[in-house]
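Read through the structure below, which is laid out as structure tokens, and then see the notes.
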Amino acid sequence: MLSLEQAVAEHGGRAGTVFTNGVFDVLHRGHVAYLAAARTLGDRLIVGVNSDASARRLGKGPDRPLNRELDRAYLLAGLESVDAVLLFEEDTPLAVLAQLKPAVYVKGGDYDMAQLAETPLVQSWGGRSLALPFVDGYSTTALVRRIRG
């Protein structure tokens, strides 16, 4: 796992840097497919993981995230498609993006990229902002509901 400063020093502003972010609470096939697709858009994939406090503020439920931030980051770092992982405390990755300046910013298919504040920021240095389609039938919220019965 990298600090933001390390990520910026190693990958910031480079043409092949792809960045995505999320909670990634319970890693499943949909996450793995999404991250693999994101990685094909550049030379390296940096994943920003919401801290536990940040994840709780996103309104996914009082008992979420189920997995702690370091556990979530560790699992993501072990994926072949992921080159580096960093934690962030804010509700959105705007501060991370402003420093990292990736060539591509990616989110899952349920996001309208035109509505995100991240999009004009990324476009301000010539970067691209895009949504990748989900693998149907995979959702952490649905998986948690199914487990709890």
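Reckoned from all heavy atoms, side chains included, excluding hydrogens, waters and symmetry mates.
A pairwise comparison of heavy atoms in Leu2 and Ala7 identifies CD1-CA, 3.8 Å as the closest pair. Residues Ala55 and Pro65 approach most closely at CB-CD, 3.8 Å, considering heavy atoms. Annotation for Ala38 and Leu132: closest pair N-CD1, 3.6 Å, computed over non-hydrogen atoms. A pairwise comparison of heavy atoms in Ala131 and Gly109 identifies CB-CA, 4.3 Å as the closest pair. Closest approach of Thr20 and Leu35 over heavy atoms only: CG2-CD2, 3.8 Å.
Residues Tyr74 and Met1 fail the side-chain proximity criterion, which asks for heavy atoms closer than 4.5 Å. Using a 4.5 Å heavy-atom threshold, the side chains of Arg64 and Arg56 count as separate. Val47 is listed as a side-chain neighbour of Phe24, based on a closest heavy-atom distance under 4.5 Å. When side chains are defined from C-beta on, Val18 does not count as touching Pro102, because their heavy atoms never get closer than 4.5 Å. The side-chain heavy atoms of Leu27 and Leu76, taken from C-beta on, include a pair separated by under 4.5 Å. Within the 4.5 Å cutoff, side-chain heavy atoms of Arg44 are placed close to those of Arg14. Side-chain contact check for Asn21 versus Tyr105: some heavy-atom pair is nearer than 4.5 Å.
With hydrogens and angles disregarded, a donor-acceptor distance shorter than 3.5 Å links the side chain of Asn67 to the backbone of Asp25. Side-chain atoms of Arg128 do not come within 3.5 Å of backbone N or O of Val104 as any donor-acceptor pair. With hydrogens and angles ignored, the 3.5 Å screen pairs a side-chain donor or acceptor of Thr119 with a backbone N or O of Met113. For Thr17 (side chain) and His11 (main-chain N/O), a donor-acceptor pair under 3.5 Å exists by modelled atom type. Between the side chain of Gln6 and the backbone N or O of Ser3, at least one donor-acceptor pair lies under 3.5 Å.
Between the CD1 atom in Ile46 and the CZ atom in Phe19 there is a gap of 8.5 Å [rounded to 0.5 Å]. Separation of atoms NZ (Lys101) and OG (Ser124) is listed at 7.0 Å; rounding is to 0.5 Å. Separation of atoms CD (Glu69) and CG (Asp52) is listed at 4.0 Å; rounding is to 0.5 Å.
Residues Trp125 and Leu4 fall within the same hydrophobic cluster, defined by Ile, Leu, Val, Met, Phe, Trp and Tyr side chains chained together at heavy-atom separations under 4.5 Å. Linking ILVMFWY residues whenever their side-chain heavy atoms come closer than 4.5 Å, directly or via other members, places Leu70 and Val49 in the same cluster. A continuous path of hydrophobic side-chain contacts links Leu79 to Val106 [ILVMFWY only; heavy atoms under 4.5 Å].
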Please set out all donor-acceptor pairs under 3.5 angstrom arising from side-chain atoms of residues 83-94, sequence neighbours excluded.
unit_1: Asp83; atom_1: OD2; unit_2: Arg39; atom_2: NE; d: 2.9
unit_1: Asp83; atom_1: OD2; unit_2: Leu45; atom_2: N; d: 2.7
unit_1: Glu89; atom_1: OE1; unit_2: Ser51; atom_2: OG; d: 3.0
unit_1: Asp91; atom_1: OD1; unit_2: Arg57; atom_2: NE; d: 2.5
unit_1: Asp91; atom_1: OD1; unit_2: Arg57; atom_2: NH2; d: 3.0

